[in-house]
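In what follows, residues are counted from 1 in the order of the sequence shown.
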Amino acid sequence: TQLTLADARRAAVDEYNLHKQVKRTRSELARIAACAQSSDTGQTPLLLYERWLARASLASDGLTAPLLPNIDPEGGLAKDLARHGASVDASTRAASEAVSKSREAAARWRSRRDAVENDVVDIAVQERGAFITLQLGTLKPYVKITKMHLGKLRALYCRASRRGKPLPDDSSSSEYKTFAFCVFALLTRYDSLGGAGYQAALGEHAFDVLYEKLGVCVECFASPLNCRYGTFCSQFEDVDALFGSLGSFFSDAFAPIEGSFEMNPPFVPETMLLAVDKLERLLRHAEKENKALSFVVIVPAWSDCRYWRALEQSAFLRCERDIVNAEDHGFCDGSQHSRPSHERHRVSSYDTGVWYLQTSMAAKKWVVNDEVRRLVCETMKKARGSVKNVKELEKRYRPEKGATTAHPSKKAKL
């Protein structure tokens with residue numbers, strides 16, 4: 001449903017205020033984590049907040065506001081802190097304090113939702129080289145996006161929210177400003193989410209092979225910013241639906257009985273296990289109905305995790321899984337929309353498993369042979385980017401230390 005200009009403006013301001021609270025909560029978590037560590041590393045584990053958020057998002061009462069966890073499901077945050085040097089008691093206290101700070105941030109955000117800043121009467125859209133910036137009035141910070149990605153969002157928006165009707169070229173028109181406010185809200189939400197690697201996606205060459213050889217045209221975990229196809233599920237239906245999102249893969253409303261899908265969930269063990277469990281339910285139902293349903297599953301090769309064992313034991317597995325070595329392949333970075341074109345790709349942090357699960361009818365319709373498997377693995381190697389390995393990648397993100405990241409599943413009972 002297309003928003004009015006006033007609704008789009010309010011949504012943009014809402015996201016601006018949410019961004020401030022999420023940033024504050026992240027800072028609090030970094031402080032809390034540093035105090036809890038017994039070693040003097042001075043660094044927060046990579047994706048600590050993102051993994052905590054992903055686990056909380058899976059629980060019905062896990063969030064009291066978007067991106068602000070309300071609980072620590074099964075002590076996952078405490079376990080993450082313990083894996084990085086905190087004692088059991090210190091990690092438990094730290095996780096409890098982090099939850100309290102996040103709840104306070106959510107309360108502050110909710111109290112200000114109706115207080116729209118008087119100086120946000122317009123949105124400034126400016127061209128800066130290969131990028132476009134969007135700013136609410138005179139408020140800072142602004143968000144930026146490449147011209148290519150803005151064009152993609154414009155096409156998705158017109159298709160999903162305007163029934164294919166093009167936007168006017170006049171950027172001062174109310175229709176264009178409505179679109180611009182929606183883009184600002186979308187970019188701000190994903191900037192608040194953070195974790196560029198966390199939002200990584202298959203490279204375009206691999207997606208094209210999946211489409212041409214296996215008929216894949218739907219992504220189970222994507223966003224308007226990183227989707228390759230026009231049909232996709234995503235985490236934030238409230239801001240994503242205007243750009244074509246089908247909603248969450250975990251929603252009961254998403255229950256395909258046939259078709260060919262790509263599934264590359266966030267690299268959080270609990271999320272991946274839940275995704276595999278739903279995939280199995282969908283395949284069992286489709287098999288019973290004698291329908292062609294196919295999934296290509298892309299996950300890190302963490303063989304000690306439950307999701308990996310569930311894939312190994314699936315009755316719908318049509319061939320041996322393939323494993324691509326970490327330094328041989330890469331993904332499109334989660335921040336590709338705000339980076340120069342030559343920095344769109346990044347080397348993988350882990351070995352990656354590629355799995356093909358299909359019903360009997362799908363296995364006949366979309367044959368997974370050795371040539372298809374080879375092509376998928378080979379095209380994944382075209383997205384390595386300019387950084388050669390994960391050690392160099394982390395130096396780029398944290399040049400002061402160049403710390404390495406522990407396997408997120410180690411020592412955790414998942």
Side-chain angles (χ1 to χ4, degrees), residues 22-59 61-64 67-106 192-200 221 235 265-275 299-308 326 334 348-351 390-391 393-394 397-398 401-414:
V22 173
K23 184 177 180 180
R24 181 172 176 174
T25 305
R26 284 179 175 276
S27 179
E28 290 282 7
L29 178 61
R31 177 189 61 78
I32 292 167
C35 291
Q37 289 173 343
S38 58
S39 60
D40 187 22
T41 62
Q43 293 183 342
T44 304
L46 286 177
L47 299 181
L48 179 67
Y49 189 89
E50 287 78 7
R51 292 198 298 271
W52 175 31
L53 173 63
R55 289 186 291 261
S57 298
L58 299 177
D61 60 343
L63 303 177
T64 53
L67 304 180
L68 291 170
N70 184 49
I71 56 176
D72 179 22
E74 299 183 10
L77 176 58
K79 292 173 183 177
D80 269 354
L81 291 169
R83 280 194 295 271
H84 289 83
S87 69
V88 173
D89 288 343
S91 62
T92 300
R93 290 193 301 270
S96 178
E97 184 181 356
V99 169
S100 178
K101 294 296 184 182
S102 183
R103 289 174 178 171
E104 292 173 5
S192 299
L193 177 63
Y198 180 73
Q199 282 287 308
F221 292 87
Q235 185 173 358
F267 288 3
V268 177
E270 295 89 342
T271 304
M272 291 185 283
L273 177 60
L274 193 64
V299 287
W302 299 341
S303 58
D304 54 341
C305 287
R306 291 168 59 191
Y307 74 84
W308 188 268
S348 178
S349 300
Y350 310 101
D351 294 349
V390 68
K391 185 176 181 179
L393 186 68
E394 290 184 2
Y397 283 106
R398 301 199 292 191
K401 292 286 185 179
T404 57
T405 308
H407 186 309
S409 69
K410 294 296 185 185
K411 302 181 183 178
K413 184 178 180 181
L414 303 173

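Closest approach of A33 and L48 over heavy atoms only: CB-CD2, 4.2 Å. Scanning both residues, Y49 and T25, for their nearest heavy atoms gives CE1-CG2, 3.9 Å. Between A105 and L68, the closest heavy-atom pair is C-CD1, 3.9 Å. Nearest approach of A106 to T64, heavy atoms of both residues: CB-OG1, 3.2 Å. Across all their heavy atoms, W308 and S303 have their closest contact at CD1-CA, 3.4 Å.
Residues L29 and L77 meet the side-chain proximity criterion, which asks for heavy atoms closer than 4.5 Å. Two residues are said to be in side-chain contact when any heavy atoms from C-beta on lie closer than 4.5 Å; R51 and K79 fail this criterion. Two residues are said to be in side-chain contact when any heavy atoms from C-beta on lie closer than 4.5 Å; L53 and L193 meet this criterion.
Between the W302 side chain and the D351 main chain, no donor and acceptor come within less than 3.5 Å of each other. Side-chain N or O atoms of S102 include one that pairs as donor or acceptor with a backbone N or O of P69 at under 3.5 Å. Judged purely by atom type and a 3.5 angstrom limit, D89 has no side-chain atom pairing as donor or acceptor with the backbone of R93. One N or O on the side chain of T92 and one on the backbone of V88 form a donor-acceptor pair closer than 3.5 Å. Judged by distance alone, the side chain of D72 and the main-chain N or O of V99 form no donor-acceptor pair under 3.5 Å.
We find the CG-CG distance between L274 and L58 to be 5.5 Å, quoted to the nearest 0.5 Å. Distance CD1/I32 to OG/S91: 12.5 Å, rounded to 0.5 Å.
Across P266, C305, P300, a single residue satisfies side-chain contact (heavy atoms from CB on, under 4.5 Å) together with M272, and that is P300.
Crowding of R24 atom CZ: a count of heavy atoms from other residues, nucleotides or ligands under 6.0 Å not exceeding 12.
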